[in-house]
Amino acid sequence: MSAIQLSVVIPVYNEEQGLQALFDRLYPALDKLDISYEVIFVNDGSRDRSAAILREQFQKRPDVTRVVLFNGNYGQHMAIMAGFEHSKGARVVTLDADLQNPPEDTHLLLAKMDEGHDYVGSIRRQRNDSWWRHVASRAMNGLREKITRIKMTDQGCMFRAYDRNIINAVNSCQEVNTFIPALAYSFAKNPAEVVVGHEERAAGESKYSLYSLIRLNFDLMTSFSLVPLQLFSMLGMLISLGSGAFFVFLVIRRLIIGPEAEGLFTLFALMFFLIGIALFGIGLLGEYIGRIYQQVRHRPRYLIEAVLEKTEEKPKRTRKPKAATATPADLFVGGEE
Ligand code: UDP
Ligand code: MG
């Protein structure tokens with residue numbers, strides 16, 4: 001069907017310091033694979049020189065490079081979504097722009113796909129991130145494993161390969177807040193994992209603050225499972241039962257021992273605890289409602305300012321005779337939406 005065998009999708013947000021190093025390693029690594037490939041960079045509204053650097057790179061390798069430029073920052077997962085929509089390859093590999101995923105390991109993913117897997121995740125051999133990310137990540141991994149049916153050893157690693165069928169399925173979803181590896185996993189027939197290298201960020205710093213990491217984990221839990229809500233209603237039932245029993249105890253105590261006047265602060269502690277639980281429940285409900293709200297508005301998920309890509313080698317001139325006159329198979333810079 002498609003002549004391109006591999007599309008590599010790379011989200012880019014304020015990566016000016018590291019992009020050149022990425023190009024220097026990525027292109028030779030892909031050339032070595034000896035397959036037809038394309039690299040799709042999605043600039044996620046960088047405020048530094050990233051977009052300009054990507055434009056330059058497109059001029060240097062227009063044959064294998066495609067650049068999608070967002071008009072603002074929509075987040076890593078939306079950037080990957082846009083990359084998917086512009087990809088043509090029979091397989092798609094996603095990669096971070098900061099060289100934390102060694103591009104030389106791409107062949108490991110592809111070799112695993114050759115064994116018949118349509119989704120190949122990855123496990124970082126030795127993770128090189130700050131210690132608190134290790135700890136938090138492990139905890140969230142465990143929690144996710146319990147409440148969603150998604151089995152990923154290392155959810156944080158974006159270095160993954162997907163078959164065209166899965167990409168098409170993901171493209172057909174119009175999810176607003178999503179977590180691509182999990183979404184793709186839910187469509188996979190025969191997923192697998194391989195161990196890949198992981199390096200320290202080559203340049204610049206992590207684009208994820210604690211806040212956005214927490215948001216991302218909410219996306220992962222609430223977009224893929226109703227278990228948090230169900231657990232919460234069960235907790236509510238348990239607490240009601242407990243309170244009921246306590247009430248009966250107090251009535252009997254009153255009849256046998258008489259009225260009690262003390263224990264005011266115990267009452268406070270109990271109240272605060274219960275109010276805390278109630279607030280948490282409202283917040284949790286809010287997470288779902290917020291998601292529904294964003295989803296039903298049907299706003300565009302991202303706006304594309306421009307797409308830099310080479311035009312098709314042979315423009316079809318079936319119907320419009322115009323095409324025959326002035327379309328040099330040259331570089332094409334097109335806008336969209
Ligand atoms: N990224 C993005 N948009 C964002 C944040 C990050 O496109 O809003 C890109 C970033 O340029 C990088 C990848 O997503 O290519 C992973 O980001 P980062 O390395 O900061 O995350 P970490 O490795 O710390 O999890
Ligand atoms: Mg990184």
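Numbers here are sequence positions counted from 1. Atoms within a ligand are numbered from 1 in the order they appear, just like the ligands themselves.
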- Task: Could you tell me which atoms of ligand 1, counted from 1 in the order shown, lie closer than 4.0 angstrom to a heavy atom of Gln76?
- Result: 1 (N), 2 (C), 3 (N), 4 (C), 7 (O), 8 (O), 13 (C), 14 (O), 16 (C)
- Task: Using atom types as modelled and distance alone, determine if a side-chain donor or acceptor of Gln5 lies under 3.5 Å from a backbone N or O of Ser36.
- Result: yes
- Which atoms from ligand 1 have a heavy atom of Ala97 less than 4.0 Å away? 12 (C), 15 (O)
- Message: Ring-plane angle category for Phe268 and Phe272, please: parallel below 30°, perpendicular beyond 60°, tilted otherwise.
- Response: parallel
- Query: Would one find an N, O or S atom of Gln100, in either backbone or side chain, under 2.8 Å from the Mg ion (ligand 2)?
  - Reply: yes
- Considering only the protein, which heavy-atom contact is closest to atom 3 (N) of ligand 1, and what is its distance? Asp44 OD2, 2.6 Å
- Residue, atom name and distance, where the atom is the protein heavy atom closest to atom 25 (O) of ligand 1: Arg133 NH2, 2.7 Å
- For ligand 1, which atoms have a heavy atom of Glu15 less than 4.0 angstrom away? 10 (C), 11 (O), 12 (C), 15 (O)
- Determine whether the aromatic ring centres of Phe41 and Phe23 lie less than 6.0 Å apart. yes
- Item | Phe280-Phe232 aromatic ring centre distance below 6.0 Å | yes
- Once you round to the nearest 0.5 Å, how far does CE of Met158 lie from CZ of Phe179? 4.0 Å
- Message: So is Met158 touching ligand 1 or not, going by heavy atoms under 4.0 Å?
- Response: no
- Min N/O separation Glu205 to ligand 1 under 3.5 Å: no
- Note on the structure: Taking only non-hydrogen atoms of Gly75 and a 4.0 Å limit, the atoms of ligand 1 in range are 3 (N), 8 (O)
- Return yes or no for this condition: an N or O of Asn73 is under 3.5 Å from an N or O of ligand 1. yes
- Query: For atom 6 (C) of ligand 1, what's the nearest protein heavy atom and its distance?
  - Reply: Lys207 CB, 3.6 Å
- Message: If the cut-off is 4.0 Å to any non-hydrogen atom of Asp96, which atoms of ligand 1 fall inside it?
- Response: 13 (C), 15 (O), 16 (C)
- Query: Between the Mg ion (ligand 2) and Asp98, is there an N, O or S atom separated by less than 2.8 Å?
  - Reply: yes
- Query: Based purely on interatomic distance, does Pro11 place a nitrogen or oxygen under 3.5 Å from a nitrogen or oxygen of ligand 1?
  - Reply: yes
